[in-house]
Amino acid sequence: MAVGKTSSIIEERQNKAEKLQAEGVNLYPAGYKIDITSSEAIDRFGEMDEDTLEQESDSYAMAGRIMARRDFGKASFIHIKDRTGRIQAYIRKDRIPPDKFSMFKLMDIGDFIGIRGRFFKTRTGELTLLAEDLSLLSKSMKSLPEKWHGLTDVETRYRQRYLDLIMNDSVKEVFVLRSRIIQEIREFFVEKDFLEVETPMMQSIPGGATARPFKTYHNTLGMDLFLRVAPELYLKRLVVGGLERVFEINRNFRNEGISIKHNPEFTMLEFYMAYATYEDLMTLTEELFNHLLNKMFGQSVIEYQGKTIDFAPPWTKISLFDALRDLGGVKDEIFQAKENAAAFASECEIAFSAKESHGQILTKLFDHLVEPLLINPTFITGYPTEVSPLSRRNEQNPDIVDRFELFIGGREIANAFNELNDPADQRERFENQVALRDAGDKEAQFMDKDYVTALEYGMPPTAGEGIGIDRVVMLLTDSPSIRDVILFPQMRAKTQM
RNA sequence: GGGCCGUUAGCUCAGUUUGGUAGAGCAGCGGACUUUUAAUCCGUUGGUCGCGAGUUCGAUUCUCGCACGGCCCA
């Protein structure tokens, strides 16, 4: 956008603003008493015939943004938009106070208007508010995007989300649904006697996930702090403290690339349940999603980007290795030696570093070969211990852990496991992570001695799970990009407009 | 970080292939119009064609670089 350019549209609006002020009109008055919203009006009067509507002698005050106007010399139809929808109003010069029509003539699409009047039906049967009085509530100095095509430029939609929300009703619907989804999740867990808690966003040791953190600094304490990559280690400290069922819905921050399914800050649900196992959490997760779908859509099947996803339980459960072999077409030898896995990954043109472990390469193979195939909800189990430093080992096979990841629509949605509560094993796992970090793995985890100390005091057998809320919202709103479900997605800084 | 595509009026888009500084619709402005629905009719304003450099008599157009965005890959 050019700098220093004077738009004639802005000049026109400034002229109008000055004229309005000269007439004694306050461009930005405080408040306005509203009697009814547009959807309430339509609910109450929309079905009435004209005669019945005429019996309704009350007048009502409404307010909203002018979205369209059709002028006829001494009269005008406008559409005003409020939080619930839009409604038409009819302004006639002979029905409003003498000075108000000239004021109305100086008002524009985009201005906020307050109208008091009576409802009637037009010839075409549209419920319309016939103005008896009107007020300017806020002057708009910029012209809104075009009424027919609206705003489609994705960059502007993300950078100026307010315009997107004004112009694209479906965008608003997504965020209304997002809010409802989170509300329902909250109620689901509160109903099951979970306690909602808030744990630190700023951590001196960033733990709980394999991810690179953002770094910041506290001036007074003179110390580095990291934005959390996960709340996990704090939530489990609370389980040690006797809060046997806790959950948190909050932001995590990961200093990684931005993509159609990654935003540097994203919303995570994590919950921990003492005495439960990861098998119990499978059932709980099935129940949670079916509760959500039932509340939102009244059915257990949804369409996501042209694919049908059926949430009816029970969901498929398959181990990582079985899935790789049966769905990914990987041969048994791949599981026997790292060299075989590495050779196969190269063959498939899947990039990996020589430093990566056998388990890391296997999970990479899984990401490329199997993950896109998992459309219906699928629990993948049996993850290698080396890629699960906070999970309890499987009793039959200590090389794998009691863990599942949940995939829906070809994407990872949740991650859950029996929590490692053996302090000696946990210390050892941290030490392995530190060794990886020293060897250059920037995503490897840090030693958290206090967390080990907490485990030394004793943590009950516990299972925990994290669910990516943005991805759930994407699924349930049929949104292709995470940016469509985050109000203000991260963008590169741009010069001031 | 790499590849491909895009950036023209407030908004939605043409145009540039074959270089000669740009068009439409909506919005705006002036006029007519007291039941319209993308109202209609008449007239009309508005653009350093993302930024910078190169080639050229001349670049919005060709070349290179940069910025921002989208998709794919990492």
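Per chain, numbering begins at 1; letters A, B, ... match sequence-line order. Just the heavy atoms: all of them, side chains too, but no hydrogens, waters or symmetry mates, feed the values below.
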- Item | Any side-chain donor near an acceptor of the partner, A/Arg178 and A/Thr267, under 3.5 Å | yes

- Item | Sequence-distant partners of A/Arg65, side-chain contact (heavy atoms from CB on, under 4.5 Å), two or more places apart | A/Met67, A/Phe112, A/Leu144, A/Ile166

- Message: Listing request: all ring pair (Phe, Tyr, Trp, His ring centres under 6.0 Å) pairs with a residue in residues 32-53 of chain A, at least two apart in sequence or in separate chains.
- Response: A/Phe45-A/Tyr60, A/Phe45-A/Phe119

- Task: Would you list the pairs meeting ring pair (Phe, Tyr, Trp, His ring centres under 6.0 Å) in which at least one residue belongs to residues 475-494 of chain A, sequence neighbours left out?
- Result: none

- Note: contacts of residues 73-83 of chain A with RNA chain B (heavy atom, under 4.0 Å) are A/Gly73, A/Lys74, A/Ala75, A/Phe77, A/His79

Would you list the protein and nucleotides 27-31 of chain B atom pairs, both N or O, that sit under 3.5 Å from each other?
from	atom 1	to	atom 2	distance (Å)
B/A27	OP1	A/Lys147	NZ	2.8
B/C29	OP1	A/Lys16	NZ	2.3

- Expressed in angstrom and rounded to an integer, what is the separation of A/Lys121 atom NZ from B/U37 atom C1'? 16 Å

- Only counting residues at least two apart or in another chain, list the ones meeting side-chain contact (heavy atoms from CB on, under 4.5 Å) with A/Pro97. A/Asp99, A/Lys100, A/Asp133

- Message: Can you list everything that forms a salt bridge (Lys or Arg N to Asp or Glu O under 4.0 Å) with A/Arg254? Sequence neighbours excluded, please.
- Response: none

- Contact class for A/Gly257 (heavy atom, under 4.0 Å): base, sugar-phosphate, or nothing? nothing

- Task: Scan A/Asp71 against the nucleic acid and name what it touches under 4.0 Å (heavy atoms): base, sugar-phosphate only, or nothing.
- Result: base

- Message: Can you confirm whether A/Leu365 sits close enough to A/Leu362 that some side-chain heavy atom of one is under 4.5 Å from a side-chain heavy atom of the other?
- Response: yes

- Note on the structure: Scanning all shown strands, the Watson-Crick or wobble mate of B/G65 with both distances under 3.5 Å is B/C51

- A/Ser39: side-chain contact (heavy atoms from CB on, under 4.5 Å) partners, not counting sequence neighbours: A/Thr37, A/Thr84

- Item | Pairs satisfying salt bridge (Lys or Arg N to Asp or Glu O under 4.0 Å), at least one member in residues 76-96 of chain A, at least two apart | A/Lys81-A/Asp169, A/Arg86-A/Asp169, A/Arg92-A/Asp94

- Note on the structure: Out of B/C11, B/U36, B/C13, minimum distance to the side chain of A/Thr152 belongs to B/C13

- Message: Both distances below 3.5 Å, Watson-Crick or wobble geometry, any strand: find the nucleotide opposite B/A22.
- Response: none

For residues 208-216 of chain A, tabulate all N or O donor-acceptor pairs below 3.5 Å that involve a side-chain atom, not counting sequence neighbours.
from	atom 1	to	atom 2	distance (Å)
A/Thr210	OG1	A/Gln445	NE2	3.4

- Message: For a quick check, tell me whether the side chain of A/Thr122 and the base of B/U37 share a donor-acceptor pair closer than 3.5 Å.
- Response: yes

- Message: So, OP1 or OP2 of B/U36: does either fall under 4.0 Å of a side-chain N or O from A/Arg70?
- Response: no

- Sugar-phosphate atoms are those with a prime plus P, OP1 and OP2; base atoms are the rest. Using that split, label each nucleotide of nucleotides 65-73 of chain B B, S or - for protein heavy atoms under 4.0 Å, 5' to 3'. ---SSSSS-

- B/C4 -> Watson-Crick or G-U wobble partner, both distances under 3.5 Å, gives B/G70

- Task: For residues 359-385 of chain A, pull every pair meeting salt bridge (Lys or Arg N to Asp or Glu O under 4.0 Å), keeping only residues two or more places apart or in separate chains.
- Result: A/Lys261-A/Glu371, A/Glu356-A/Lys364

- Under the 3.5 Å rule, do the base of B/U36 and the side chain of A/Gln88 count as making a donor-acceptor pair? yes

